[in-house]
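Just so you know, these numbers come straight off a predicted model, no measurement behind them. To find a chain, count down the sequence lines: A is the first, B the second, and so on, and within it residues start at 1.
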Number of protein chains: 2
Amino acid sequence: MSGLRARVRAELTAEIKRLARAQMEAQGPNDLNLRAIARELGMVSSAVYRYFASRDELLTALIIDAYDELGRTAEDADAGCDPADTVGRFVTVATAIYRWARTSPSQYLLLFGTPVPGYAAPIDTVAAAIRVTTVLQHILDEAGRQGATPAVAPIVPPTVQPDLATVRALTDSTVSDQLLLTGLQSWTAMFGAITFILNGQFRNVVGDVDALFGAFADLLARQVIGARHD
Amino acid sequence: MSGLRARVRAELTAEIKRLARAQMEAQGPNDLNLRAIARELGMVSSAVYRYFASRDELLTALIIDAYDELGRTAEDADAGCDPADTVGRFVTVATAIYRWARTSPSQYLLLFGTPVPGYAAPIDTVAAAIRVTTVLQHILDEAGRQGATPAVAPIVPPTVQPDLATVRALTDSTVSDQLLLTGLQSWTAMFGAITFILNGQFRNVVGDVDALFGAFADLLARQVIGARHD
DNA sequence: GGCGCCGCAAGAGCACTGCTCTCGTTTCGG
DNA sequence: CCGAAACGAGAGCAGTGCTCTTGCGGCGCC
């Protein structure tokens with residue numbers, strides 16, 4: 001096992017993914033071109049199929065890698081924070097996610113952009129996707145333990161209560177329905193803002209989008225963790 | 001002018017767009033297939049180019065139409081509201097937008113999904129895009145006139161103040177920077193939530209996404225229009 | 001060590017795409 | 001009424017994802 005052949009294979013697999021990422025970064029996340037990758041590798045297109053059975057399979061591998069990078073980015077950012085400062089943690093993690101998204105927009109859009117046509121995310125991606133939300137949820141858990149209450153109390157629809165319960169179970173926390181629902185809202189708002197900025201939806205409207213996102217992140221954190229009564 | 005030929009041309013143009021929309025709805029917004037449209041029309045592919053010079057031009061036309069539909073949807077929803085009930089107006093408009101997005105997801109994603117590769121939205125689309133935001137801004141203006149204040153006061157970065165000023169000028173309103181920034185945040189949060197739901201990001205997490213969105217909309221409205229001191 | 005198997009790259013080829021060009025025909029407007 | 005413009009058909013070009021066959025090379029087993 002682990003002969004020369006296996007090593008070469010691993011290297012080539014990584015190289016293909018690297019080139020694929022570079023290509024997406026250069027010309028949008030949607031037109032991943034197997035033949036161009038093969039060309040850059042000095043191979044013929046059919047040879048690439050020895051490493052990835054199809055374009056979708058390569059895409060899946062890239063998605064998993066991206067989820068992992070995103071998760072690691074969030075974890076690293078959170079690790080450098082004062083654990084008790086939940087507002088600071090949220091802002092720090094949000095900023096780190098935003099920076100990563102700006103650095104490699106095509107990878108971010110691979111995860112949160114429009115899914116490619118006919119592509120159904122395999123189960124493999126789910127595990128990788130949980131990582132970043134776990135970080136966010138841990139912050140929420142800590143806030144809950146500190147007795148935090150959202151600035152505006154949401155109305156929790158009865159039909160989503162079971163869903164909240166399963167989400168809560170992921171980190172076996174004890175946050176209230178209201179805090180959890182507000183947290184969910186803030187997370188989608190954060191990812192939504194990043195997607196908006198990346199897609200250029202604020203073009204010709206807001207110049208300093210970095211500052212805008214910073215203001216959003218701060219606002220979101222304080223909307224979720226509004227008051228603390230012990 | 002307006003001879004038989006012109007009428008046939010207008011009809012065929014509309015028919016091409018109709019088929020394009022149907023095709024997108026059937027198999028994702030990204031693979032708009034000119035040849036398939038020509039086939040369904042009983043024409044040869046080159047004939048379609050008499051009506052749209054390129055795939056991008058057809059796409060642009062569809063985008064403008066979609067922005068118009070979205071704007072009209074928002075306007076109609078707002079028209080049926082008590083003008084003074086700003087929270088109710090926001091929730092009503094948001095719900096109408098959400099319903100439209102669920103009805104024709106590919107059209108919504110055409111506007112708020114990942115832009116197609118290499119496609120730069122022409123100026124024509126900008127005018128159409130303003131319509132829906134104008135509705136939302138009018139609601140915010142009314143709230144401002146009533147002396148509303150956001151539930152959590154945002155920190156307004158100095159660099160975005162001029163941007164806020166230009167946004168404010170669009171409806172020559174007098175809302176405060178804080179209210180306007182919070183409004184901007186709520187709008188991106190709303191569109192972000194819809195995009196999340198449409199992209200299936202909540203799959204296997206939340207079952208009743210309709211109820212979830214309703215809760216989000218209500219929460220957002222009350223976060224923006226928090227207190228009123230006259 | 002040798003041998004057979006399997007991984008590998010190459011090349012041709014299929015069905016498809018967006019788009020261009022040419023060529024008769026039809027329709028409109030001065 | 002007649003030339004110009006608009007139109008549809010068809011062939012064709014360059015490109016795509018993917019398949020199949022054909023040799024060549026490293027690998028493990030006896």
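- Distance, A:L34 CG to D:dT16 P: 10 Å, rounded to whole Å.
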query = Base, backbone or nothing for each nucleotide of nucleotides 4-14 of chain D, written B, S, -, heavy atoms under 4.0 angstrom, 5' to 3'?
reply = --BBBBB-B--
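- The CZ atom of A:R55 sits 14 Å away from the C1' atom of D:dG15 (whole-angstrom rounding).
- Atom pair B:D56:CG and C:dG18:P shows a separation of 11 Å (rounding to whole Å applied).
- Taking atom CD of A:E11 as the reference point, atom C1' of C:dA9 lies 17 Å away to the nearest angstrom.
- In terms of modelled atom types and a separation under 3.5 Å, the side chain of A:Q137 and the main chain of A:V167 share a donor-acceptor contact.
- Toward the 5' end of DNA chain D, the nearer of the two residues A:A53 and A:N33, judged by each one's closest nucleotide, is A:N33.
- B:D78 meets the side-chain hydrogen bond (donor to acceptor under 3.5 Å, both in side chains) test with B:R89; sequence neighbours excluded.
- Counting any heavy atom pair closer than 4.0 Å across all strands shown, B:I37 reaches no nucleic acid atom.
- Counting to the nearest Å, the P atom of C:dC8 and the CG atom of A:L41 are 14 Å from each other.
- Annotation: side-chain hydrogen bond (donor to acceptor under 3.5 Å, both in side chains) contacts of B:D76 (sequence neighbours excluded): none.
- Applying the side-chain contact (heavy atoms from CB on, under 4.5 Å) rule to A:P105 yields the partners A:E25, A:L198; only residues at least two apart in sequence or on another chain are considered.
- Every residue meeting the ring-ring contact (aromatic ring centres under 6.0 Å, His included) condition with A:F213, not counting sequence neighbours, appears here in chain and number order: A:Y98.
- Look at CD on B:E57: it is 11 Å from P on C:dT20, rounded to the nearest Å.
- A:E69 pairs by the side-chain hydrogen bond (donor to acceptor under 3.5 Å, both in side chains) definition with A:W100, not counting sequence neighbours.
- Atom CG of B:L32 and atom P of C:dC19 are 10 Å apart (whole Å).
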